[in-house]
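Residue numbers run from 1 in the order of the sequence given.
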Amino acid sequence: MLWYNGFDTIDYKNKQLFTVAEFSLKMCAVPVAISGEDILKNSGREQVIDLFERRIDNAAKTMQNKMAEALYGDGTASSGKTIGGLALLVADDPTTGTVGGINRATAGNEYWRNKAMVLGSSDTAWTKDTIRPAMEEMYRKCTRGVDRPDLIVSDESLYSMLEQSMQDYQRFTDSNMADIGFKVLKFKGADVLMDGGQGGYCPDNTMYFLNTDYLYLRPHKDRNMRVVGGDRMAVNQDALYRIIGWAGNMTMSNASVQGVMKNKSSSVSTPENDGEGE
């Protein structure tokens with residue numbers, strides 16, 4: 001923008017307004033199999049359930065669980081074949097690494113760095129008395145004009161500290177989120193969601209401040225947790241196969257309004273397979 005008056009010259013020189021970030025397509029699949037023997041046993045009037053369809057449903061749940069885990073990863077699992085999750089996009093050290101083909105360590109690329117507050121071993125850990133001031137500081141750092149965090153995702157530990165700090169205040173919950181099994185607190189208008197404890201994947205002692213206007217999980221329209229290619233008869237087995245497939249990646253268009261807080265001695269846990277699916 002140029003301020004001017006009268007007949008001042010208005011410079012028409014083109015300016016570079018956008019830097020293109022490119023994210024690779026990532027693919028995953030869950031195979032489902034049923035033997036010819038099981039097909040025969042589960043057919044006709046004796047059929048109680050559609051065994052193959054039930055296994056496909058279970059495989060889809062397995063894919064959903066593994067995708068939920070991958071959302072927190074850094075994209076290096078499975079030899080770099082997984083999606084780049086929050087550990088990559090909203091990193092503990094935003095001055096290193098390459099995201100979407102843009103090197104965050106390069107001078108001039110400061111705009112591509114998220115905000116981070118990481119307590120080291122020599123720091124005093126956050127408590128129920130200090131968690132709110134720390135969150136307020138991170139919220140301010142992630143605010144730019146009308147852009148501000150609208151979703152805060154926390155592990156069980158930091159969520160519990162926040163909950164204890166709010167006991168003397170009125171707590172508001174989102175009834176819609178509660179209806180699907182999540183208990184949600186509000187912090188400056190942002191939903192605070194706990195994704196910890198049993199079945200949660202948020203890394204230990206971690207809290208993400210996210211602006212979802214600039215953060216996306218982008219599935220390919222033709223491969224979004226659906227059966228790929230129909231039934232496949234095994235070449236050397238009396239068995240039928242199907243593949244549940246997904247393709248896409250997690251992407252970001254603005255890093256400067258995203259943030260992460262990590263408490264003292266934080267660590268990233270790797271959940272074990274829950275045994276669902278094939």
Handout entry: Gap between atom OG1 of Thr212 and atom CG of Asp150 - 0.5 Å precision
Key = 3.5 Å
Practice task
Spell out, as yes or no, whether a donor-acceptor pair under 3.5 Å connects the side chain of Trp112 to the backbone of Val99.
Solution key: yes
Problem - Common cluster, Leu151/Leu215, ILVMFWY with side-chain heavy-atom separation under 4.5 Å - result: yes
Problem - Interatomic spacing from CZ in Arg132 to OG1 in Thr127 - rounded to 0.5 Å - result: 12.5 Å
Practice task
Using a 4.5 Å cut-off on heavy atoms from C-beta on, say whether the side chain of Val153 contacts that of Met194.
Solution key: no
Exercise for the section: With the side chain counted from C-beta on, respond yes when Phe209 and Lys141 share a heavy-atom pair under 4.5 Å apart, and no when they do not. Expected result: no
Practice task
Report yes or no: is the cationic atom of Arg218 (NZ for Lys, CZ for Arg) under 6.0 Å from the centre of the six-membered ring of Tyr216, at an angle within 45° of the ring normal?
Solution key: yes
Handout entry: Backbone of Gly120 reached by a side-chain donor or acceptor of Asp123 within 3.5 Å
Key = yes
Practice task
Answer with yes or no whether the side chains of Thr206 and Lys262 bring together a donor and an acceptor at under 3.5 Å.
Solution key: yes
Handout entry: Ser154 versus Tyr208, side-chain donor and acceptor atoms under 3.5 Å
Key = no
Practice task
Taking the side chain as every heavy atom from C-beta outward, state whether Cys28 and Met67 have any atom pair closer than 4.5 Å.
Solution key: yes
Exercise for the section: Locate the shortest heavy-atom distance separating Thr130 from Ala125; write the atom from each residue and the value. Expected result: OG1-O, 4.3 Å
Donor-acceptor contacts under 3.5 Å from residues 75-86 side chains, at least two apart:
residue	atom	partner	partner atom	Å
Thr76	OG1	Asp74	OD1	2.6
Thr76	OG1	Asp74	OD2	3.4

Problem - 4.5 Å side-chain heavy-atom contact, His220 and Met27 - result: no
Problem - Donor-acceptor contact below 3.5 Å, side chain Arg113 vs main chain Arg104 - result: yes
Practice task
Return yes if some donor-acceptor pair links the side-chain N/O of Asn109 with the main-chain N/O of Asn103 below 3.5 Å, else return no.
Solution key: yes
Problem - Side chain Tyr139, main chain Lys188, donor-acceptor under 3.5 Å - result: yes
Exercise for the section: Decide, yes or no, whether a salt bridge links Arg144 with Asp147 under the criterion of side-chain N to carboxylate O below 4.0 Å. Expected result: yes
Practice task
Mark yes or no for whether Glu110, through its side chain, and Gly108, through its backbone, hold a donor-acceptor pair below 3.5 Å.
Solution key: yes
Handout entry: Flag side-chain contact, heavy atom, 4.5 Å: Pro149 against Asn211
Key = no
Exercise for the section: Look up atom CG in Leu88 and atom CZ in Phe23, then write down how far apart they are to the nearest 0.5 Å. Expected result: 7.5 Å
Problem - Salt bridge present between Glu53 and Arg242 (N-O < 4.0 angstrom) - result: yes
Practice task
Using a 4.5 Å cut-off on heavy atoms from C-beta on, say whether the side chain of Trp246 contacts that of Asn224.
Solution key: yes
Handout entry: Backbone of Asn254 reached by a side-chain donor or acceptor of Gln258 within 3.5 Å
Key = yes
Problem - Between Tyr159 and Asp195: side-chain donor-acceptor atoms closer than 3.5 Å - result: no
Problem - Side-chain donor-acceptor pair present, Glu156, Ser160, cut-off under 3.5 Å - result: no
Exercise for the section: Look at the side-chain heavy atoms of Ile, Leu, Val, Met, Phe, Trp and Tyr, link any pair under 4.5 Å apart, and say whether Val30 and Ile243 land in one connected group. Expected result: no
Problem - 4.5 Å side-chain heavy-atom contact, Met135 and Trp126 - result: no
Handout entry: Atom pair OG1/CE of Thr143 and Met138 - distance to nearest 0.5 Å
Key = 11.0 Å
Exercise for the section: Using atom types as modelled and distance alone, determine if a side-chain donor or acceptor of Asp38 lies under 3.5 Å from a backbone N or O of Lys41. Expected result: no
Problem - Glu137 and Arg140 ion-paired at < 4.0 Å - result: no
Handout entry: Asp93 side chain to Thr95 side chain, donor-acceptor N/O pair below 3.5 angstrom
Key = yes
Exercise for the section: Under 4.5 Å between side-chain heavy atoms, chaining through other members, with only Ile, Leu, Val, Met, Phe, Trp and Tyr counted: pull out the rest of the cluster around Tyr214, sorted by chain and number. Expected result: Val257
Problem - Side chains of Leu185 and Leu162 in contact at under 4.5 Å (non-hydrogen atoms) - result: yes
